[in-house]
Amino acid sequence: MSHTVQQTRPARPDKGKRAVSEGKKAERKLGLLLCAPAALVMLAVTGYPIVYSIWLSLQRYDLRFPDQQKFIGIDNYVTVLTNSYWWTAFGVTTLITVISVAIELVLGMGLALVMHRTLVMRGLVRTVALIPYGIVTVVAAFSWRYAWTQDTGYLARLFAPEAALLTERVPALAIIVLAEVWKTVPFMALLLMAGLALVPDDLLKAASMDGASAWQRFTKVIIPVMKPAILVALLFRTLDAFRVFDNIFVLTNGAQQTGSVSMQTYNNLIKGLNLGIGSTMSVLIFLAVAVIAFLFIKVFGTSAPGGDGGKR
Amino acid sequence: MAEIVLDKVTKRYPDGALAVSDVDIQIADGEFIILVGPSGCGKSTTLNMIAGLEDISAGELRIDGERVNERAPKDRDIAMVFQSYALYPHMSVRENMAFPLRLAKVDKATVTRKVEEAARILDLTQHLDRKPGNLSGGQRQRVAMGRAIVRNPKAFLMDEPLSNLDAKLRVQMRTSVSKLQKRLGTTTVYVTHDQTEAMTLGDRVVVMRGGHVQQIGSPQFLYEQPANLFVAGFIGSPSMNFLPATLENSELHTPLGAIPLTDRVRRLAEAANAPREVIIGLRPEHFEDATLLDDNEKSRGGTFNATVDVLESMGSDKFAYFTVEGETATSAELDELAADAGSADLTDGGAQIITRLSAASQATEGAETTIWFDADKLQMFDPSDGRNLTYTE
Amino acid sequence: MAAIGAKTRWALIDIVVVVYALVPVLWIVSLSFKTKETLTDGNFVPRSWTLQNYVDIFNTTVFLRALVNSIGIALIATAIAVVLGTMAAYAIARLDFPGKQALVGVSLLIAMFPQVSLVSPLFEMERGLGLFDTWPGLILPYITFALPLAIYTLSAFFREIPWELEKAAKMDGATPAQAFRRVIAPLAAPGVFTTAILVFIFCWNDFLFAISLTSTEASRTVPAALSFFTGSSQFEDPTGTISAAAVVITVPIILFVLFFQRRIVAGLTSGAVKG
């Protein structure tokens, strides 16, 4: 974005970050020292396990039959990738991700505009909007579950008194999407609001003077200017949605083929105690997420947030 | 009170960039010295090296004859005023000003006395218990000054202390800074990119460019005897007019016509071994409306006819702008000055000449006017290295 | 007149937002106050009110123990993550050192990482190390996944601090330690506090690790314990008690949101959007 920003003061290369004295070496040492603990923890808890899980995924390793542990190459991958349950879960996850992120983008943009522009009760709106973000997902999921449970729920009574919606596949998926959307719209809205704040008021005034209608100002000025913020928000939410677990666990427990890939992995691991298969799924999910991130960054040109670290 | 000496001070960054190169400056006790130059000329780096906020790569910095290169800022006994004022937002004005004294473990009664005294001098008494966030720009600036003066340091360093103020306040504060410095008699090094500030404030001015000192001298001397094109163009507002010229048989062929050299100019040009192609410089005040002069006066210079593009009447005098057909003077120095002024791409079709005429001039916009210029005040520069061929010590 | 019209319109829109955000929360609160008899009447507002559900959960060790686990684990993980994150963020925002970009990149990767991918190997590793079903067994992954959040948020805050103040303090005669303690720390405190809130919310919220890396009351947190309420009390409908427990763990979130709305918004947006 820097090319659109007019520098208000002349750039002064003789000042700035470099002004730290006390010698470069000491600074480097201090920097490394300060980062070391965080880096070590992150690497120990993610780096090593990733490698370990790749190794596990190449083993036959069922905790119920630990004696039969054996290196079997890519057999686990063949097993998983030829299994219809995996593909069903993959399809469900993709579906939930695409639909909920799409709805979130629209509602999130709406909420962002409301929070940014409302003339009355701005503090209240912003406060209240944070509640879905902050609330424990499981709590919210229980609220939705009871709301849609036959007899118990007010929503069930209102919309479908005769049906047990959570036990039917399509309605159950819709409710999962609803729960996801409700919880994450505020987060999306906050990210988008930060983007909105980057649109200078003068720019909108100029657009009005140039004869743009409200809708044109939105599509021709606001959206393009905040495109980086939108892409970052989409990236974050897509990756997050792909991990969907809590809501499904509470709402349907994966019944009626509503399980996500995370549910499949959990079931194989904790319920089935099959570490080999569980790890294989772990690796596959990791790869899927990596592909999504790659697509966002390469195809849409999403800039990694904070990626320009030291500058600015 | 202190004398500060920079002896071949150099700043080289780890990536090899040379920010300041072999700077030699002797600052006398009590002197008010200005470092001036365009963005990136190394003036702030130089100041930070004096402060101890940046390491000195080579050379020596002496305060009162003692080498202080290795001393931490706090052990140099120097106070600094920053461009952003750098007031501590979580402390009141009083606490801000008391901060250096408290760090120096001065007893409470003395702290109170000194803070109140400084507040009185700077007219801040009624604001002592407010937070910096609630002060106006001018008040913040004064708090920053107050924090610097409370502890009677050996020297003040000021890094563009007025550049965040609006124009009117800036002029006002300029006077008070000057008065304060005279009153306290403390050695002061002042960095600015504004040549007007440099001219009005300093006992002496150091003009810097690309990490090198271009010239050191009193404001008047720099104005009258710029060492090179860069100083000539940087000092003075409106700035000096530059035109390309060819030197032939003691005559200059310029877009203004042929100008015979005066004795003074010829002598200096010969001594300096002037090349054939030169750049001539004329200050706006060395022009006049020819109709206002008698023949005797006119004979000391040349005249030319041109159409007035723009006429700005300032009351006391008039600024007339002309476009002179033909080539414009080009050199690395002039390009850099234009870039710094943000006018690099504004020169279209011919050179612009700014002249300062008497208020009595009848020149009008769009009308052709005869303009006289003082050929004896003309300066001549070598386009290849920018050196002033008419420079005299 | 136009202004009044616009205000009314905004007020209506605002009310929609408020209803949207509050209804599911109010519903679970309502359930928690319903008596056993009216629990399944499908009414949004309880017909008869009772505190029995709360009495019940606070009388069971299952819930109390889970609450202690939740609070303890979240607090410890938050404290450690914020300390480590502050150190790293200071270095990232302020210092120049090799590997800085790599660290930023790694944290970004972890922020995007599918947590479920770690469940399998961590499950196996923690069993081997004796960390399975212990507090540290949960604290470690929490710290790991909270660190990117902490580092981003904090380094954004740190970049906002006018570091010229540090120079000013040095010129005023402060040692580096004094400059940090008396000038920088007071300015950094709000950012650190905000980050702590965000990290706490993250740890408090987690379900996947809590359910995968625990097996008993020893370290099961409330979200995980909630899902077991269902199975454990077969003879009794657990809806009321689950709702009560859910309300209890929602209270701290509501308090945070009420008191620190501005900070949370600033924290979330500053860390995430710096394209």
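Numbered from 1 within each chain, the chains take letters A, B, ... in sequence-line order.
Neither the backbone nor the side chain of C/Phe202 comes within contact range of chain A, judged by heavy atoms closer than 4.5 Å. For chain A, the nearby part of C/Ile253 is the side chain; its heavy atoms alone come within less than 4.5 Å. Proximity to chain A (any heavy atom under 4.5 Å) is restricted, for C/Leu31, to the side chain, taken from C-beta onward. Residue contact with chain A, scored on non-hydrogen atoms closer than 4.5 Å, involves the side chain of C/Ile13 exclusively. Residue A/Leu34 touches chain C through both its backbone and its side chain, counting heavy-atom pairs closer than 4.5 Å. A/Leu30 touches chain C through backbone and side chain together, each having a heavy atom under 4.5 Å away. For a residue to count as touching a neighbouring chain, one of its non-hydrogen atoms must lie under 4.5 Å from one of that chain's; by this rule A/Arg157 touches chain C with the side chain only. Heavy atoms closer than 4.5 Å to chain C are found in the side chain of A/Leu273, but not in its backbone. When heavy atoms are compared at a cutoff of 4.5 Å, C/Tyr20 approaches chain A by way of both its backbone and its side chain. Interface residue A/Tyr61: only side-chain heavy atoms are found under 4.5 Å from chain C. If you measure heavy-atom distances from C/Ile254 to chain A, the contacts under 4.5 Å come from the side chain alone. Heavy atoms closer than 4.5 Å to chain C are found in both the backbone and the side chain of A/Ala147. Only the side chain of A/Val138 has a heavy atom closer than 4.5 Å to any heavy atom of chain C. Residue contact with chain A, scored on non-hydrogen atoms closer than 4.5 Å, is absent for C/Ser155. Contacts between A/Val289 and chain C at a heavy-atom distance below 4.5 Å involve the side chain alone, from C-beta outward. Looking at A/Ile285, both its backbone and its side chain come within 4.5 Å of chain C, counting heavy atoms on both sides. A/Arg122 does not touch chain C: none of its heavy atoms, backbone or side chain, sits under 4.5 Å away. Using a 4.5 Å cut-off between heavy atoms, C/Leu109 does not touch chain A at all. In this structure, the portions of A/Phe286 lying under 4.5 Å from any heavy atom of chain C include both its backbone and its side chain.
Heavy-atom pairs under 4.5 Å with chain C were tallied for A/Ala156, A/Ala36, A/Gly134; the largest tally goes to A/Gly134. Among the candidates C/Ile264, C/Asn205, C/Val116, the residue making the largest number of heavy-atom pairs closer than 4.5 Å to chain A is C/Asn205. Interface remark: of the candidates C/Pro121, C/Pro223, C/Ala224, C/Pro121 forms the most heavy-atom pairs closer than 4.5 Å to chain A. Of the listed residues A/Phe245, A/Phe249, A/Tyr154, the one with more heavy-atom pairs under 4.5 angstrom with chain C than any other is A/Tyr154.
For A/Leu107, the side-chain contact (heavy atoms from CB on, under 4.5 Å) partners two or more places apart in sequence, or in a different chain, are A/Ile103, A/Val181, A/Val185. Taking C/Ser120 as the reference, A/Ser282 meet the side-chain hydrogen bond (donor to acceptor under 3.5 Å, both in side chains) condition, with sequence neighbours excluded.
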Practice task
Apply the test side-chain contact (heavy atoms from CB on, under 4.5 Å) to residues C/Val265 and A/Met193: give CA-CA distance (whole Å), side-chain angles for both, the deciding distance (0.1 Å), then the verdict.
Solution key: CA-CA 10 Å; C/Val265 171; A/Met193 193 173 76; 3.9 Å; yes

Exercise for the section: Show the numbers, then the answer: is there a side-chain contact (heavy atoms from CB on, under 4.5 Å) between A/Leu269 and C/Val119? Expected result: CA-CA 8 Å; A/Leu269 182 74; C/Val119 166; 3.3 Å; yes

Problem - Working for side-chain contact (heavy atoms from CB on, under 4.5 Å), residues C/Phe123 and A/Leu275 - result: CA-CA 9 Å; C/Phe123 176 76; A/Leu275 269 180; 4.1 Å; yes

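The OG1 atom of A/Thr265 sits 13.0 Å away from atom CD of C/Gln115, with the distance rounded to the nearest 0.5 Å. Note that the OG1 atom of A/Thr46 and the CG atom of C/Leu147 stand 10.0 Å from one another [nearest 0.5 Å]. The CG atom of A/Leu119 lies 8.5 Å from the CZ atom of C/Arg9; values are rounded to the nearest 0.5 Å. Between C/Thr250 atom OG1 and A/Ile131 atom CD1 the span is 10.0 Å, to the nearest 0.5 Å.
Residues C/Pro24 and A/Trp144 have side chains in contact (heavy-atom distance under 4.5 Å, counting atoms from C-beta outward). With a 4.5 Å cut-off on side-chain heavy atoms, A/Leu239 and C/Phe113 do not count as touching. Inter-residue side-chain proximity for A/Arg117 and C/Trp10 is flagged as met; some heavy-atom pair is nearer than 4.5 Å. Considering only heavy atoms from C-beta on, C/Ser212 comes within 4.5 Å of A/Tyr266 through its side chain. Contact annotation: the side chain of C/Leu103 approaches that of A/Met42 to within less than 4.5 Å [non-hydrogen atoms, C-beta and beyond]. In this structure, A/Leu124 and C/Asp14 have side chains that are not in contact, with every pair of non-hydrogen atoms separated by 4.5 Å or more. Between C/Phe207 and A/Thr137, the closest side-chain pair of non-hydrogen atoms is not below 4.5 Å.
Heavy atoms of other residues, nucleotides or ligands lying less than 6.0 angstrom from CZ of C/Phe180 number 12 at most.
C/Trp27 contributes a side-chain N or O that, together with a main-chain N or O of A/Ser143, makes up a donor-acceptor pair within less than 3.5 Å. Judged purely by atom type and a 3.5 angstrom limit, C/Arg262 has no side-chain atom pairing as donor or acceptor with the backbone of A/Gly123.
Contact record, C/Val18 with A/Val128: CA-CG1, 3.8 Å, taken as the closest heavy-atom pair. The minimum heavy-atom distance linking C/Phe97 with A/Gly31 is given by the pair CD2-CA, 3.7 Å. Minimum interatomic distance between A/Arg243 and C/Pro114 (heavy atoms only, all atoms of both residues): CD-CA, 3.5 Å. Minimum heavy-atom separation, A/Pro37 to C/Leu84: CB-CD2, 3.4 Å. The nearest pair of heavy atoms linking C/Ala11 to A/Val120 is N-CG2, 3.7 Å.
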